[in-house]
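Here is the structure we will look at, set down as structure tokens.
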Amino acid sequence: MTKKKMLLMGDEAIAQGAMDAGASGFYAYPGTPSTEIMEYVQHSKMAAQRNIHRTWSANEKTAVEGALGMSYAGKRTMSMMKHVGLNVAMDPFVNSGITGANGGCIVTVADDPSMHSSQDEQDSRILSKFAFIPILEPSNQQEAYDMCFYGYELSEKYMTPVMMRVTTRLAHSRSGVEVREALPQKEIKLPEDKRQFVLLPSIARRRYKGVLETQKKLLEESENAGWNRYIDGKDKSLGIIACGLGFNYLMENFDGECPYPVVKLSQYPAPKKMIKKLVEECKEILVLEDGMPMVEEDLRGLLDRDVKVKGRITGELPRDGELNPNLVALALGLKDVEGQPVPKIVAPRPPKMCTGCGHIDMYNAINATVKAKYGDGHVFSDIGCYTLGAFPPFEAINSCVDMGASITMAKGAADAGLFPAIAVIGDSTFCHSGMTGLLDAVIDKSNIIVFIGDNSTTGMTGGQDSHALGRLTSIVKGLGVDPDHIRIVNPVRKNHDEFVKIINEELEYNGVSVIIPTRECMQTLRRKTKDAKK
Amino acid sequence: MKCDIILAGVGGQGILSIATVLGYAAVESGLYLKQAEVHGMSQRGGDVQSHFRISDKPIYSDLVQKGKADLIISVEPMESLRYLPYLNKDGWLVTNTVPVVNIDNYPDLEAVMAEIKKLPRHIAIDGDKIARDVNNLKGMNMVLAGAASVFIDLDFNLMKKGIECIFAKKGEEIIKANIAALTAGREFSEKNR
């Protein structure tokens with residue numbers, strides 16, 4: 001039988017792999033570079049035929065909890081998010097390390113070293129280690145696909161969630177993937193121990209001891225499952241630990257034939273025996289990690305003795321940013337092959353808001369009122385296309401920290417006596433993590449104005465459905481904002497004066513005002529029109 | 001056979017349609033392929049690039065190594081220069097000459113063209129005009145794909161077949177128009193290389 005091959009991005013390989021391995025449900029909130037996993041499932045005929053759960057969640061916390069519920073019911077499931085999304089989901093994530101899983105449970109996290117589309121470059125492997133959750137880190141699209149099968153087996157065998165950790169370059173890179181015949185979905189089957197998921201202290205203490213005990217077995221899995229490999233080399237002057245994508249950049253530099261012994265590391269806990277052998281045989285160790293120096297730090301230990309370890313901490317590789325073949329070449333002491341420099345006349349071309357975007361009208365109105373009267377420093381913003389309001393010509397915002405922080409930071413600043421204190425957030429981000437903060441402000445009768453830029457979509461990640469669609473005003477009312485101070489405006493140029501008038505009126509009001517500029521995202525509208533034509 | 005390509009342009013110009021046509025031909029030829037794309041924030045009018053690698057041997061890195069690219073294909077002139085550190089000393093640069101001016105400090109176009117002309121191996125092509133000449137207003141990307149095809153060891157007929165597949169839903173007219181754009185681009189490179 002000839003095997004079927006598909007051309008898939010890393011994200012798509014994970015989606016197809018999980019479906020083929022019998023997943024019954026996917027739970028996620030959009031976030032670059034993880035978004036395409038859910039989008040692939042949503043466009044998949046197989047997912048429709050199998051009635052696989054594939055609608056977006058309100059945020060990453062509800063996603064991980066939803067997936068855990070499906071695992072409780074005995075079915076295979078996956079939650080997906082970007083690295084900062086895992087912060088939002090840390091509560092269920094860490095505690096699911098203690099409850100363990102029933103049906104196979106994979107948490108896929110796509111990290112973004114170099115911050116191509118993110119506010120930090122944290123390494124999710126460290127958080128998974130913290131939660132005692134084993135990690136799979138594929139180095140290519142085929143492994144990403146195959147690891148879904150293994151990940152579910154591992155999860156069910158040891159009754160633990162499993163993290164699948166990828167980084168931007170794998171998530172968004174295409175390659176040929178050999179696919180297998182799809183497994184059937186699992187039937188509903190409740191946990192044998194009916195208290196498994198009840199983390200009352202007495203039960204949690206017992207479970208925690210069990211989790212600690214399981215770590216030894218997970219280490220054995222890492223040594224023996226085959227994803228980690230010891231590849232011998234003649235030249236023992238250097239031994240290399242190549243994690244995830246680091247392996248590719250290493251092999252790229254040697255055309256697949258590395259003269260040094262290598263531990264290819266794609267499953268954690270890190271395989272002690274393999275690494276011990278490498279350290280004993282080689283004079284020095286170089287660690288290649290696409291992210292933070294986690295393995296390097298572990299290997300070095302607190303006292304920095306015995307083993308000569310090179311990597312991001314010692315400066316052979318830069319401490320920040322993603323790896324690439326050139327950086328790895330330099331770390332290996334190879335000749336730099338970089339071509340000619342970029343001519344000086346080449347200007348940076350940062351992203352910007354689209355022509356005709358409603359956020360532009362919103363910032364023009366905010367600048368004509370808040371900035372004109374009170375100067376800079378009053379506007380707290382959030383995560384979304386509108387964050388681009390930080391750049392010229394607007395330079396309208398003064399913060400962008402995490403999902404929902406605009407409202408709570410404006411409230412805190414108002415508590416401190418700052419006037420005016422303005423929040424700017426999008427409709428999808430508001431539903432992700434803004435609602436609870438607005439409730440805080442309502443309870444405290446904080447003197448803030450919250451702009452919810454309602455473009456009826458999750459714009460920055462490519463126009464996914466927003467939970468706010470059709471219910472934004474009723475949510476705001478339901479949270480207790482005085483209906484007289486919920487103001488809706490269509491942000492177009494001809495309404496500028498009306499918009500300005502509304503803002504000025506709300507600046508006069510001492511309490512929580514919510515102004516909702518409502519106009520559909522240009523990109524989403526264009527896509528819809530295009531789809532309608534098809 | 002190995003060909004490492006950097007595709008460059010501005011978010012929204014649709015550089016990935018070039019990759020799709022080349023990718024189809026590569027896969028049909030039984031070659032290995034890796035193609036790293038940019039998604040997310042930069043798609044909003046920022047600079048975007050795709051690393052496109054094909055080979056008859058397994059490919060390790062998803063990224064092209066700087067100094068090792070055989071070809072830069074750019075749908076915008078200034079963007080073509082941004083990736084010069086990737087180009088190897090014998091590599092070709094194939095670029096559209098029509099600028100996308102969406103920043104205030106866009107350099108003088110003549111200075112941009114002067115930098116391009118400094119390169120010993122380059123094709124500077126007015127892809128928009130050639131697309132108009134073959135009555136395909138949206139065909140600039142295919143003109144560039146055709147212009148670059150001269151430097152890639154792929155069967156040109158397979159690239160045409162790729163267009164047939166990709167645009168199958170859009171009908172015979174669109175397929176013809178895109179094949180015309182592809183062919184016109186190839187002819188330009190053959191004459192001007």
Side-chain angles (χ1 to χ4, degrees), chain A residues 5 7 9-10 32-33 35-36 112 116-118 139-141 168-176 245 247-253 255-256 322 324-326 328-329 336-343 345-355 385 387-388 392-393 459-462 523 534, chain B residues 10-12 19 23-24 27 32-48 51-53 57-69 76 78-79 81-89 91 100 102-108 111-112 114-116 118-119 169-170:
Chain A
K5 221 169 181 184
L7 193 57
M9 282 200 295
T32 312
T35 313
E36 292 79 6
D112 188 21
H116 299 281
S117 266
S118 306
S139 66
N140 59 43
Q141 294 78 355
T168 308
R169 291 306 169 184
L170 179 56
H172 286 165
S173 173
R174 259 172 234 286
S175 191
L245 285 185
F247 181 74
N248 300 350
Y249 301 142
L250 173 67
M251 288 302 158
E252 182 71 28
N253 273 290
D255 271 338
E322 66 176 338
N324 64 46
N326 291 80
V328 171
D336 192 15
V337 291
E338 194 160 320
Q340 50 176 300
V342 182
I345 56 162
V346 175
R349 199 190 296 260
K352 57 199 288 190
M353 284 182 270
C354 309
T355 309
C385 288
T387 320
L388 296 170
M460 183 60 99
T461 46
Q523 299 287 347
K534 272 184 192 166
Chain B
V10 178
Y24 179 91
V27 170
Y32 292 94
L33 179 155
K34 275 201 174 178
Q35 182 197 334
E37 302 168 5
V38 169
H39 294 229
M41 204 158 187
S42 310
Q43 287 178 297
R44 301 278 164 273
D47 56 280
V48 291
H51 294 229
F52 183 91
R53 313 190 65 198
K57 294 198 194 79
I59 301 168
Y60 288 99
S61 171
D62 297 270
L63 295 175
V64 173
Q65 195 159 3
K66 282 184 190 157
K68 295 271 182 87
E76 206 279 346
M78 182 180 80
E79 292 308 321
L81 297 171
R82 200 184 296 283
Y83 304 97
L84 286 187
Y86 284 92
L87 197 61
N88 73 37
K89 57 183 188 344
V100 174
N102 65 349
I103 47 172
D104 295 336
N105 54 341
Y106 194 95
D108 180 36
V112 171
E115 289 288 348
I116 291 168
K118 274 188 204 167
L119 295 165
K169 276 187 189 160
K170 298 193 170 172

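A, B, ... follow the sequence lines: proteins, then strands. Residue 1 opens every chain.
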Item to complete: State, to 0.1 Å, how close B:E115 and A:I345 come at their nearest heavy-atom pair, and which atoms those are.
Response: CG-CD1, 3.7 Å

Worksheet item: At a heavy-atom separation under 4.5 Å, does B:L33 approach chain A through its side chain, its backbone, both, or neither?
Response: both

Item to complete: Calculate, to the nearest 0.5 Å, the distance between atoms OH and CG belonging to B:Y60 and A:L250 respectively.
Response: 9.5 Å

Worksheet entry | N-O pairing of A:R349 and B:E76 below 4.0 Å | yes

Discussion item. Measuring only between side-chain heavy atoms, which start at C-beta, is A:H172 closer than 4.5 Å to B:D62?
Written reply: no

Discussion item. Would you say that B:V38 contacts A:H116 through its side chain, given a criterion of any heavy-atom pair below 4.5 Å between the two side chains?
Written reply: no

Discussion item. For the interface with chain B, which of A:M251, A:Q523, A:Q340 has the highest count of heavy-atom pairs at distances below 4.5 Å?
Written reply: A:Q340

Worksheet item: Mind checking whether A:E252 and B:L63 have side chains closer than 4.5 Å, heavy atoms only?
Response: no

Response to the item:
If you tally heavy-atom pairs under 4.5 Å between each of B:N102, B:N88, B:V27, B:D108 and chain A, the highest tally belongs to B:N102

Worksheet item: chain B heavy atoms under 4.5 Å from A:P341: which part of the residue, side chain, backbone, both or neither?
Response: backbone

Discussion item. Can you tell me which of A:L170, A:N248, A:L7, A:T35 forms the most heavy-atom pairs within a distance under 4.5 Å of chain B?
Written reply: A:N248

Worksheet entry | Approximate separation, where rounding is to 0.5 Å, of B:K66 NZ and A:E338 CD | 4.5 Å

Worksheet, complete the sentence: If you tally heavy-atom pairs under 4.5 Å between each of B:V64, B:L81, B:I59, B:I103 and chain A, the highest tally belongs to B:L81

Worksheet item: For B:E37, is it the side chain, the backbone, both, or neither that has a heavy atom closer than 4.5 Å to a heavy atom of chain A?
Response: both

Worksheet item: When heavy-atom pairs shorter than 4.5 Å are enumerated against chain B, which of A:S175, A:A171, A:A347 gives the highest number?
Response: A:A347

Worksheet item: Using non-hydrogen atoms only, which part of B:K89 is less than 4.5 Å away from chain A: side chain, backbone, both, or neither?
Response: neither

Response to the item:
Interface check, chain A: of B:P107, B:S61, B:A19, most non-hydrogen pairs under 4.5 Å belong to B:S61

Worksheet item: In terms of heavy-atom pairs under 4.5 Å with chain A, which of B:R82, B:K57, B:E79, B:H51 leads?
Response: B:R82

